[in-house]
Structures are given as structure tokens and as C-alpha cells.
Amino acid sequence: MVAVRRWLPGFAALSAIWGASFALIKVAVDAGVPPVWVALWRCLLGAVTLGAVLLLRGEGVPRDRALWGHSAVVAVLLNTVPFILFPFGETRISSVLAGVMNATTPLFTLLFAVLTVPEERHPGARRLTGLALGFVGVLVVFGVWRGIGSGEAAGGLACLAAACCYGAGFAYLRRFLSGRPESVTTLSALQIGCAAAELAVIAPLAAGAPHWPGAGPAVALLVFGAVGTGVAYLLNLGIVRAAGTTVASAVTYVMPLWSTAIGALFLAEPVGWNALAGGALVIVAVVLARPRPRPATGAADQAPKARQPVR
């Protein structure tokens, strides 16, 4: 019980922060902030926060060219592209639906792992059932029997594409970066820094100069970047160290509950029965699709075996 009390407050805070991210995105895009600028502000503020942590810990910047190259690829898949796609999607669908779409990330991760990781080539009937059930849940969320408007379809597909990028990024990270000797702090700061540099080139070309969106949306962007990407990383790392990666990954199940509640209560977004039922199907699917936990082996089981990427 004492051990649970150590990580449970951080777990609840992390799930709430990441769950609230979809509402913060909605506030920004509804104020006219272009999706690419939402992504850039998020990465810039996250990079500043993580850079400050590096300075406080006295960690230097690696000079390994291969590491920089792999980090740039991971940044494209886990940050640059999905951080644009989710805000774009939310110009057409609610933050509630975007939060449910994000919950499919572990299913895409399994799909790409099966395709690229040799030891995952035979996932078994249980995990394949979860994969299929998850995408049935997505269809239920959108109420396909009623027909889907072109705008809602575009928004939903953009969010699914973002989750797909996450899945590809996690598979790439596992293959090329999970065994690196550098600290999690250094690798994550490098990843977000690369994403900020990529977006700094893209944003002015795609959407012109930034504009002042108003005090409320500006605060939303500040919280989204500094807290949603920077502080949330520190909470995630603390959970990994205190309870292990299995517990840390379970935040995926709780995030849709927060995103749904926050979108409904603070943004007055409608929550239909099909969104709740489809979201429940997706969560059940993720539970089925995740690998079975390995037996504990003492302290080593509590340490992160692969770095936790920043999202």
C-alpha cells in the first residue's frame, strides 16, 4: 500500500495533464491558431522545460551523429507530424473524439511491432483479437451506421493518422534507441529539440507569421507546452522509476476518461452513447493487445528497460 501511495498521485496527475491536452488544443485552434503553430509552440516550450532540467542535472548534449539522426526520425514520427495532425483534426471534431482516437495508439504500436520487430512476429490470438476489436470501437465512436460527414471524417482520419505515427515511432524507437547509454532526460530533450527545429522551418512556410490569439488561448498554449510536454515527462519518469513501465503505460487507459470529462464539462462538447461505448471497446482492446507482464525480477524490474519518449 505504501508503494502504491508513492506513485498514485503522479499517475493521476499525468493522466489528467495528458487527458486535458485535447481540450487545450481545442481552445487554441478555435481561437484561430494554425495547427502547425500549435505544434511548434508545444515543442518549443517543452524543449525549454526539458533543457532546463538538463542544465540542473549537469548533463551535456551528445555529439553522436547517428544518435542525432535517429532522434530526428523519432521526432518526426512522435512529435512533428502527430502534433500537427491532432490540432488539424480538432478543427473538425471535438476534443472528446480526439481523445478516444489517441487511445488507439497501443494498437498501432502492436501493428508496427508485428511488421518490424522479429520477436513480435507472432502476437497470438488474444492480441490480434484486441487489434480487431479496437478498430471496431473506432467505427462505433463515429457512428458509421448514421453516415459520417466529410469534415468529421477528415478530422477523425487525421487523429487516427497521428496515432498511427505514434505506433510507427514507438516501433522505430524500440529498434534503434531503446538500448542507448544516454539518460532518458538527454534523449527526450534531444527528441523534442529536433521536433522544435523541424517545426520552426515548417510553420512559417505553411502558415505565415504567428499572431496573438488572445490571453486565454495563449495561456492554453503555455500550459500545453510547458506542462503537457515538459512537466508531464518528469511525472512519467517518476512513475517508471517507482512502479515500472507496465504501470506507467496504463495511463493510456485513463486519458480518455479525462479528455471526455474535460471536453464535456469545460467546453460543453456533446458526448453521445456511441462515443462512450466505442471508447470502452477501444480500452478493452488495448488491454487485450498489450503483452503479458513478465515475472518480477527485483529492482531490475522497476527500472525502465527502454526510454519513455515524450509525447
Side-chain angles (χ1 to χ4, degrees), residues 6-21 24-25 38-80 82-83 166 169-170 172-174 176-200 218-245 247-252 255 299 302-311:
R6 284 171 48 202
W7 58 259
L8 189 56
F11 182 93
L14 178 63
S15 63
I17 290 169
W18 277 345
S21 294
L24 295 173
I25 291 173
V38 173
L40 176 54
W41 290 127
R42 176 180 187 180
C43 288
L44 280 175
L45 292 165
V48 169
T49 303
L50 292 170
V53 174
L54 278 183
L55 287 175
L56 289 173
R57 293 186 176 182
E59 298 183 29
V61 177
R63 297 183 180 181
D64 186 333
R65 292 184 180 180
L67 173 59
W68 277 90
H70 288 310
S71 295
V73 174
V74 169
V76 169
L77 294 172
L78 291 183
N79 306 109
T80 302
F83 284 8
Y166 284 150
F170 291 146
Y172 187 96
L173 182 149
R174 177 177 176 181
F176 294 104
L177 288 176
S178 63
R180 296 285 311 191
E182 293 83 5
S183 73
V184 179
T185 308
T186 298
L187 292 170
S188 295
L190 192 59
Q191 174 191 323
I192 292 297
C194 286
E198 292 162 359
L199 286 162
V219 171
L221 288 170
L222 177 63
V223 173
F224 187 39
V227 179
T229 298
V231 175
Y233 153 73
L234 298 175
L235 289 171
N236 187 55
L237 178 58
I239 296 168
V240 170
R241 287 175 171 169
T245 53
V247 171
S249 66
V251 73
T252 304
M255 283 169 56
Q302 299 301 317
K305 297 177 179 60
R307 76 181 182 99
Q308 296 293 301
V310 177
R311 291 174 54 183

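Everything numeric in this text was worked out from a predicted model, so none of it was measured. Heavy atoms only: backbone and side chains are in, while hydrogens, waters and symmetry mates are out.
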Discussion item. Please verify the inter-ring angle class for Phe83 with Tyr166; under 30° counts as parallel, over 60° as perpendicular, anything in between as tilted.
Written reply: perpendicular

Scan [options] and name whichever one has a side-chain contact (heavy atoms from CB on, under 4.5 Å) with [X].
| X | options | value |
| --- | --- | --- |
| Tyr172 | Val73, Leu177, Val76 | Val73 |
| Ile192 | Thr49, Leu44, Leu50 | Leu50 |
| Leu24 | Val38, Val227, Val223 | Val223 |

[atom2] on [Y] to [atom1] on [X], rounded to 0.5 Å:
| X | Y | atom1 | atom2 | value |
| --- | --- | --- | --- | --- |
| Thr185 | Leu190 | OG1 | CG | 12.0 Å |
| Leu40 | Thr80 | CG | OG1 | 9.5 Å |
| Met255 | Ile17 | CE | CD1 | 11.0 Å |
| Leu78 | Cys194 | CG | SG | 12.0 Å |

Taking all heavy atoms of [X] and all of [Y], pick out the closest pair and write down the distance.
| X | Y | result |
| --- | --- | --- |
| Ala189 | Leu54 | CB-CD1, 3.6 Å |
| Ala75 | Ala195 | CB-N, 3.6 Å |
| Trp18 | Val251 | CZ3-CG1, 4.0 Å |
| Cys43 | Leu199 | SG-CD1, 3.7 Å |
| Gly228 | Ala232 | O-CB, 3.3 Å |

Residue pair [X] / [Y], side-chain heavy-atom distance below 4.5 Å:
| X | Y | value |
| --- | --- | --- |
| Phe224 | Leu45 | no |
| Asp64 | Arg180 | yes |
| Leu67 | Leu187 | yes |

Worksheet entry | Side-chain donor or acceptor of Trp68 paired with backbone N/O of Pro62 under 3.5 Å | yes

